[in-house]
Undergrad: 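I am attaching a structure below and will ask some questions about it afterwards.
Below, chains carry the letters A, B, ... as their sequence lines are ordered, and counting in each starts from 1.
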Amino acid sequence: MFVPFFREFQQFQPQQWEQPQPQPQLLVPQAQPQSLQPQSRQAFRDSRNRLACHDNPHLSQQSVSGPIHDFGLESQSTFHGGDCAHSESMAVAPVRDDRRIVLHLDYDCFYASVFEVEQPALKSQPLAVQQKQIVVTCNYEARRRGLHKLQLIKDAKRICPEVVIVLGEDLTKFRDASKEIYHFIRSFIWGGRVERLGFDELSLDVTEMIDYNVELLNRNDMTTSFFHLNRNDPTVGFTYDATRYHGCTYPPSEGESPTLASSDPSTLEMRLLVGSHLMAYLRSQLEYEKGFTATGGISTSKLLAKLVGSVHKPNQQTTLVPPYEFTSDGKESNVIQFIDAHEIRKIPGIGSRLAQKLRTRVAEKNAGEEEMTVRDVRLCPGISPPLLEKTLGGPGAAKGIGQRIWGIIHGVDNTEVIEGRDLPTQISIEDTYGRGRLDSPESVRRELTVLAKSLLRRMRTDLLDKGDGNEEQPRWLAHPRTLRLSTRPRNAPETDGVRTYNANRISRSAPLPSLVFNLDESIDSLAERIVQDHVMGMFRRLHAEKSGWDLGLMNIAVTNMVESAGDQKQSSGRDIGKMFQQQESILRQWTVHESDDHLARKPEPEVLEESDSGWQDGDEDEDHDAPLLSIECNLCGAPIPHFAQQAHELYHASAEV
DNA sequence: TTGGAACAG
DNA sequence: AATTCTGTTCCAA
């Protein structure tokens, strides 16, 4: 049986168990007089951003209701009026939706960390991960000695002769570690709202978890609050101090005590603050359970959380604190302040091409050339969504690009956190080749066979559903329908002027022969066959027989995944079961088990009996006999099983920053 | 559906 | 500047 470690039990009224209600799909603050707002909507109104007013000298800061210039914004904009003569052509600042709380996690020097976890002795050494002639990443010990990402191995060795170099061309272990961390973090997050970006970044939409916990805050005892990680089991969670942010803030807190301006539990500030504690908990769990440190950002969108996260690295976290909008008493919007200072190229979603186009356009009006910040773009005379659409649009450009960039330069990103998929949309294997390595058709065939073998192995590890450990034959979870071969010439066509980026891959595709799904045939023989019968044909389509092709890269991929029918429910059901099991085993450390010693000190709260059946099932019987060796944290008073002590100390230690 | 461009780490 | 080895999304044909 459990004895819940649960400090705020008196708050737990039965009707609160259903909280929070699903939030209305209300994207826009309605322009209603405050007095008409129902009290229950007040929290939304307060925490939501209204107009992102900006300091364009052409615009007055006074908000005036008036005609709406709709530049394709799905949401309504309040008109920012001022000088009437110009107002007709004036662009309207987009509206940010600040109802969500988004956490962004970025594992510190991920590839290097994978090796350090494998081999802890490496932690104290300068460590670089090599792919071909390049240091793709290195640990911070190496960075302290002047090494950095994407540095030539030559230079690295010269600058730091003691550097330990490990080969990282095979991404298998990174992919595996990435997946494991993803599932680990996702097991904490309600609704599975976790999006992967590359191997080493996650965005988490934790709105539901935050709203639920903010509702349950006890305003009379904020310093020993309890964060609930499980709606069905009030013993699961951690204690935290809800009078202060965990970790760094942007802007930095000034006074000695960075306490909350307002302890109103429904403000954006309180939601971000609670989010900062969840972030700290997740990071400490990640470090203790998996050995990876991560950098965190806390805000209301993927864009802002990611950007603010990178303010303090590594192994730290930063919260972008309110006000997110201009206030009546003249306080600046921290969002605008923050994003304004960034170089446009540094903004996620603005790559080299868009940055280039923006620079040339804005530079026409501005004197400044090389350095161009978001502020320069935002304050560019005449700038507006249609203008951006015109300058950034063109053949191939994404539709609505002007509106998107308009939002981004105002710190507005309303894109959703997408639930991670269980299957990739494509699997590709590539290698680069030095001079003379790919001279003959025979050598090409040989290398393509090597790639094909890797690809087939990847298909079997990633697309196959090995039964539940039984003797059942594995089943394909998805069938890619297309096979693609891409190549890149060695000599990047260094053409005239500014035009050249690395767009120099060419490809051919063909239907993927279904024989690759035959599990009875060996990968080696399968690879020989498809290279001979299919891939070489594609290669000939790409490169005429005679001409001396000079290739620096070859890539083969399977794309166009079609998920196998029928198995959907089964597999997702199993996933959830696994997730739950994992979460239970992780969270168990925070649940204090019955013991005479403990019962004597902390009698079971009476309220527990009412809801006893609600959250308890018999799963934990195996722990019944486990001896309890717990201590009490002298900082927050939480009882901690000994084996969780280190994690708990980490949690407090990172609070000091 | 195919092939490429642009984005990301 | 582009280097590695991937991966996603979008567009035009």
Undergrad: Of the candidate nucleotides B/dA6, C/dG7, B/dA8, which contains the atom at the shortest distance from the side chain of A/R353?
TA: B/dA6
Undergrad: Measure CD1/A/I405 against C1'/B/dC7 and give the value in whole Å, please.
TA: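 Taking atom C1' of B/dC7 as the reference, CD1 of A/I405 is at 11 Å.
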Undergrad: Round to a whole Å and report the spacing from CZ of A/R404 to P of C/dT9.
TA: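 A/R404 atom CZ is separated from C/dT9 atom P by 13 Å.
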Undergrad: What contact category does A/E169 fall into here, base, sugar-phosphate, or nothing, at under 4.0 angstrom with non-hydrogen atoms?
TA: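 Sugar-phosphate, backbone atoms only, no base.
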Undergrad: Give the rounded distance in Å between these two atoms: CG of A/N555 and C1' of C/dC5.
TA: 9 Å
Undergrad: Rounding to the closest angstrom, what is the interatomic distance between B/dA5 and C/dA2 at atom P?
TA: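 Taking atom P in both B/dA5 and C/dA2, they lie 15 Å apart.
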Undergrad: Are OP1 or OP2 of B/dA6 and a side-chain N or O of A/S352 less than 4.0 angstrom apart?
TA: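 No.
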Undergrad: May I ask you to verify if any side-chain N or O of A/T432 is less than 4.0 angstrom from the OP1 or OP2 atom of C/dT4?
TA: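 Checking A/T432 against C/dT4: at least one side-chain N or O falls below 4.0 Å of OP1 or OP2.
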Undergrad: Is the phosphate of C/dC11, meaning OP1 or OP2, less than 4.0 Å from a side-chain N or O of A/K399?
TA: no
Undergrad: Assuming nearest nucleotide by heavy-atom distance, tell me which of A/S507 and A/R481 is located more 5' along DNA chain B.
TA: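 The answer here is A/R481.
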Undergrad: With a 3.5 Å distance limit and no angle check, can you tell me whether A/S564 reaches the backbone of A/L477 through a side-chain donor-acceptor pair?
TA: yes
Undergrad: Respond yes when some side-chain nitrogen or oxygen of A/R488 is under 4.0 Å from OP1 or OP2 of C/dT4, and no when none is.
TA: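 For C/dT4, OP1 or OP2 has a side-chain N or O of A/R488 closer than 4.0 Å.
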Undergrad: Atom CD1 of A/I556 to atom P of C/dC5: distance rounded to whole Å?
TA: 14 Å
Undergrad: Is the A/F539 ring parallel, tilted or perpendicular to the A/H543 ring (thresholds 30°, 60°)?
TA: tilted
Undergrad: Just to be sure I understand the rule, does A/Q133 reach a base, reach only the sugar-phosphate, or reach nothing, if contact means heavy atoms closer than 4.0 Å?
TA: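 Counting heavy atoms under 4.0 Å across all strands, no contact is made by A/Q133.
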Undergrad: Compare side-chain N and O positions of A/T482 against OP1 and OP2 of B/dT2 and report whether any pair is under 4.0 Å apart.
TA: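 For B/dT2, OP1/OP2 do have a side-chain N/O of A/T482 under 4.0 Å.
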Undergrad: Look at all strands and tell whether A/I153 reaches a base, only sugar-phosphate, or nothing, counting heavy atoms closer than 4.0 Å.
TA: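 Answer is nothing: A/I153 stays at 4.0 Å or more from every strand.
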Undergrad: Which class fits the ring pair A/W476 and A/F517: parallel under 30°, tilted 30 to 60°, perpendicular over 60°?
TA: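 Taking A/F517 first and then A/W476, their aromatic rings stand perpendicular (interplane angle over 60°).
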Undergrad: When you check the gap from the basic side-chain N to the acidic O, do A/D340 and A/R378 get nearer than 4.0 Å?
TA: yes
Undergrad: Specify the separation, in whole Å, of atom NE2 of A/H148 and atom C1' of C/dT3.
TA: 12 Å
Undergrad: Identify whether any heavy atom of A/D431 sits under 4.0 Å from a base atom; if not, whether one sits that close to sugar-phosphate; answer base, sugar-phosphate or nothing.
TA: sugar-phosphate
Undergrad: Measure from the side chain of A/A398, starting at C-beta and using heavy atoms only, and say which of C/dT8, B/dG4, C/dC10 lies closest.
TA: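 Nearest nucleotide to the side chain: C/dC10.
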Undergrad: With a 4.0 Å cut-off on heavy atoms, is A/G168 in touch with a base, just the backbone sugar-phosphate, or nothing at all?
TA: nothing
Undergrad: Are A/E141 and A/R144 close enough for a salt bridge, meaning some N to O gap below 4.0 Å?
TA: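 Counted as a salt bridge, because a side-chain N and a carboxylate O are separated by less than 4.0 Å.
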Undergrad: Which part of the nucleic acid, if any, lies within contact of A/K154, taking any heavy atom under 4.0 Å across all strands shown: a base, the sugar-phosphate backbone alone, or nothing?
TA: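 No contact.
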Undergrad: Give a yes/no on whether any side-chain N or O of A/R175 is located under 4.0 angstrom from OP1 or OP2 of C/dG7.
TA: yes
Undergrad: Using a distance-only test with no angle check, is there a side-chain donor-acceptor pair under 3.5 angstrom linking A/D98 and A/T300?
TA: yes
Undergrad: For A/L455 and C/dT6, what is the distance between atoms CG and P respectively, to the nearest whole Å?
TA: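 It is 10 Å, rounded to the nearest whole Å.
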Undergrad: Is A/D155 salt-bridged to A/R158, cutoff N-O under 4.0 Å?
TA: yes
Undergrad: For A/N504 and C/dA1, what is the distance between atoms CG and P respectively, to the nearest whole Å?
TA: 16 Å
Undergrad: Round to the nearest Å and state the distance from A/L485 atom CG to B/dT2 atom P.
TA: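 Going from A/L485 (CG) to B/dT2 (P), I get 14 Å.
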Undergrad: If you check every side-chain atom of A/R508, which of B/dG4, C/dT3, B/dC7 has the closest atom?
TA: B/dG4
Undergrad: For A/R458 and for A/L150, locate the closest nucleotide of DNA chain C by heavy-atom distance; then report the residue assigned to the nucleotide nearer the 5' terminus.
TA: A/L150
Undergrad: Can you identify which nucleotide, out of C/dC5, B/dT1, B/dG4, has its nearest atom closest to the A/I506 side chain?
TA: B/dG4
Undergrad: I want to check one thing: is the phosphate of C/dG7, taken as OP1 and OP2, less than 4.0 Å away from some side-chain N or O of A/R484?
TA: no
Undergrad: Give the nucleotide from the list C/dT6, C/dT3, C/dT8 with an atom nearest to the side chain of A/P424.
TA: C/dT8
Undergrad: Take A/I427 and A/G552, find for each the nucleotide of DNA chain C with the closest heavy atom, and name the residue whose nucleotide sits nearer the 5' end.
TA: A/G552
Undergrad: Among C/dT8, C/dC5, B/dA5, which nucleotide sits nearest the side chain of A/R421?
TA: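 The nucleotide sitting nearest to the side chain is C/dT8.
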